[in-house]
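Below is one structure; the comments refer to it alone.
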Amino acid sequence: KKQLLQPGYQSLLESNVTVFGTFDDHDYGCNNADRTFEHRHESAIEYVKFLQAPYDSAMFRRARAGHGVYGVKVFDFARSFGDQEIHEREAGVDPDAAVDSISPPVYSNQSVAVFVLDVRSNKTPWKTGAAAYRPDFEGDFLGERQWEWFETAIQRSQASVNVVVTGLQVHANKFPNGNVAEAWGKYPRAQQRLFDAILQDGVQSPILISGDVHMNQLSRKDCIRNSRSNHQVSPRPLIEMTTSGMTHSWGSVASPSLQQPNLEVSWLTWYHTEVLRLLMHSLHWFCPWTEIMKASAIEKWEPSSTTGLQYNLDKNFGELEFDWVERAVVMRTIGENTNAPPLLSARFGMDELSGFSSTSNRHFLSDTDFQQASKLHQPSVHREWICVNHRGQENNLSHMAGYVATGFAMTVLVPFPFFLPCVVLLMIFYRFFVSGRNRLTTSRSPTLL
């Protein structure tokens, strides 16, 4: 209620934009929450009320029935401003929505479908103890009902671009224990099912959007059909833009809360922020997170693009720009200074994302890379597509080495601000007392003739 009463948010609602989404753990109710949360039903209803979803919409009906908060909206940007959002009955994508006619939906080649998935209401709880460090092939995020809904809905989509929004990162595998770092990769069967759904024939230009991790990243997997037929003979990229969060991040002091808008930031808070910033930078430097995109000065995607690893620790929000003339999608994350260049940006052709063309001179993994990834594949997990981090396969040994190196760096650097005053005092003590006494003793010593 307090958020809805904020003048800035009220102004946003009055600007004729569509507010659409789903929740993650802290919106849902508690950290790393899952299907065992006792207020899962109430949280879903309150969230769709906050979104101001129509009471008779398919999303609201699902929330009332206890299925969770998930849905799809279709936009046709060839239509006039204010009429670009297509009603769910006309769009014909949502299987739970009544359709206006039996005729297939008609919208232009300037259309975008946005799918939001609920990874909390039906999520399998993370295991504990030693089992938490092993992949859980029975674990799931969506639940069978939501899976069937999504697979049917995205297959129905005729949009030129299909954006799939999920609270948790899909490509990342930052830590083997999901209780520490949540990600789709901890449940390999569910992750593979997501890949197969969004890469199926007819789904044009799929893009993944995620959050949760309090930083922004651009990630990419190269994907190829498991059975290499004449439908797909070359790899295609699957891009994920992670954008999180607008109020706090690893590299910034958290914004004041609505309860304490005038709370002053103490020096301890600043120090804590710098420690966390150092920690996350160190992890990016030392750990083999090969899903994160990397750009050189030669292959910058936009004039304002940054080089090196495509991550940033500042507060941010994401933006997608659709270039209908060049048939390209530009992904950006924007910082607190909206007039400054983007924190991160990348540009991909729609045909390239759809697997129709690979004429961009972009580097892809080789057949050998895919063959090596296939050898590591769990035979019990059926997959139509093989998706591998675009900078090469990771291994547990290199991960552990990265964590050890980060731990060593943090052990040395974090206490430094506290040790520095002690070092200065010792130097002063030595300079004026110990060294001074030695000089005095020397000057009083008798001279032997």
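A salt bridge is defined here as a Lys NZ or Arg NE, NH1 or NH2 lying under 4.0 Å from an Asp or Glu carboxylate O, and Arg79 with Asp76 meets this definition. Classification of Glu321 and Arg332 as a salt-bridged pair holds, one side-chain N sitting under 4.0 Å from a carboxylate O. Between Glu182 and Arg120 there is a salt bridge, since at least one side-chain N of the basic residue sits less than 4.0 Å from a carboxylate O of the acidic one. A salt bridge between Arg347 and Asp323 is present, with a side-chain N of the basic residue lying under 4.0 Å from a carboxylate O of the acidic one. The pair Asp96-Arg61 does not count as a salt bridge, with every side-chain nitrogen at least 4.0 angstrom from each carboxylate oxygen. For Glu144 and Arg193, the salt-bridge test passes: some basic side-chain N is under 4.0 Å from an acidic carboxylate O. Salt bridge Arg40/Asp118: absent, no basic N to carboxylate O contact under 4.0 Å. For the pair Glu240 and Arg220, the salt-bridge criterion is not met [side-chain N within less than 4.0 Å of a carboxylate O]. Residues Asp201 and Arg225 are paired through a salt bridge, judged by an N-O separation under 4.0 Å between the basic side chain and the carboxylate.
Of the possible polar contacts, none joining the Ser11 side chain to the Pro7 backbone as a donor-acceptor pair under 3.5 Å is found. For the pair Arg189 (side chain) and Phe137 (backbone), a donor-acceptor distance under 3.5 Å is present. Looking at Arg62, its side chain never comes within 3.5 Å of a backbone N or O of Gln146 through a donor-acceptor pair. No donor-acceptor pair closer than 3.5 Å links the side chain of Thr333 to the backbone N or O of Phe317. Distance alone, capped at 3.5 Å, is enough to place a donor-acceptor pair between the Asn316 side chain and the Asp314 backbone. No side-chain donor-acceptor contact under 3.5 Å links Ser345 to the backbone of Met331. With hydrogens and angles ignored, the 3.5 Å screen pairs a side-chain donor or acceptor of Trp250 with a backbone N or O of Val213. Side chain of Gln200 to backbone of Ala197: a donor-acceptor contact under 3.5 angstrom is found.
Taking the six-membered ring for Trp and the full ring otherwise, the centers of Tyr70 and Phe150 sit at least 6.0 Å from each other. Annotation: Tyr311 is in aromatic contact with His281 [ring centroid separation under 6.0 Å]. The ring of Phe37 has its center closer than 6.0 angstrom to the ring center of His39. Residues Tyr9 and Phe50 place their aromatic rings such that the two centres sit under 6.0 Å apart.
Of all heavy-atom pairs between Ile45 and Ala63, the closest is CG1-O, 3.9 Å. The two residues Ala113 and Ala159 make their nearest non-hydrogen contact at N-CB, 3.5 Å. Nearest approach of Ser282 to Thr406, heavy atoms of both residues: O-OG1, 3.6 Å. When every heavy atom of Glu88 is checked against every heavy atom of Ser57, the shortest pair comes out as OE2-CA, 3.7 Å. Here the shortest heavy-atom pairing between His67 and Asn122 reads O-ND2, 3.2 Å. Taking every heavy atom of both residues into account, Lys123 and Asp34 meet most closely at O-CB, 3.3 Å.
The shortest side-chain heavy-atom distance between His390 and Met293 falls under the 4.5 Å cut-off. The shortest distance between side-chain heavy atoms of Trp149 and Val72 falls below 4.5 Å. Here the side chains of Pro237 and Phe348 are in contact, with some heavy-atom distance below 4.5 Å. Within the 4.5 Å cutoff, side-chain heavy atoms of Val329 are placed close to those of Met350. The shortest distance between side-chain heavy atoms of Asn226 and Trp385 does not fall below 4.5 Å. Between Leu194 and Phe141 the shortest side-chain heavy-atom distance does not fall below 4.5 Å. Considering only heavy atoms from C-beta on, Lys186 stays 4.5 Å or farther from Pro135 through its side chain. Side chains of Ile207 and Ile209 form a contact here, defined as non-hydrogen atoms less than 4.5 Å apart.
Residues Asn177 and Asn179 bring a donor and an acceptor atom of their side chains to less than 3.5 Å of each other. A side-chain donor-acceptor contact under 3.5 Å links Ser249 and Ser252. Looking at Ser210 and Thr166, their side chains never bring a donor and an acceptor atom within 3.5 Å of each other. Side-chain contact check for Gln393 and Asn389: no donor-acceptor pair (N or O, by modelled atom type) lies under 3.5 Å.
Around CH2 of Trp270, the count of heavy atoms belonging to other residues, nucleotides or ligands within 6.0 Å does not exceed 12.
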**Steps toward side chain to side chain donor-acceptor pair (under 3.5 Å) verdict (His87, Glu85)** = CA-CA 6 Å; His87 194 279; Glu85 180 185 338; over 6 Å; no
**Request:** Go through the steps to decide whether Asp140 and Trp147 satisfy the test side chain to side chain donor-acceptor pair (under 3.5 Å), and finish with yes or no.
**Result:** CA-CA 10 Å; Asp140 194 14; Trp147 273 119; 2.8 Å; yes
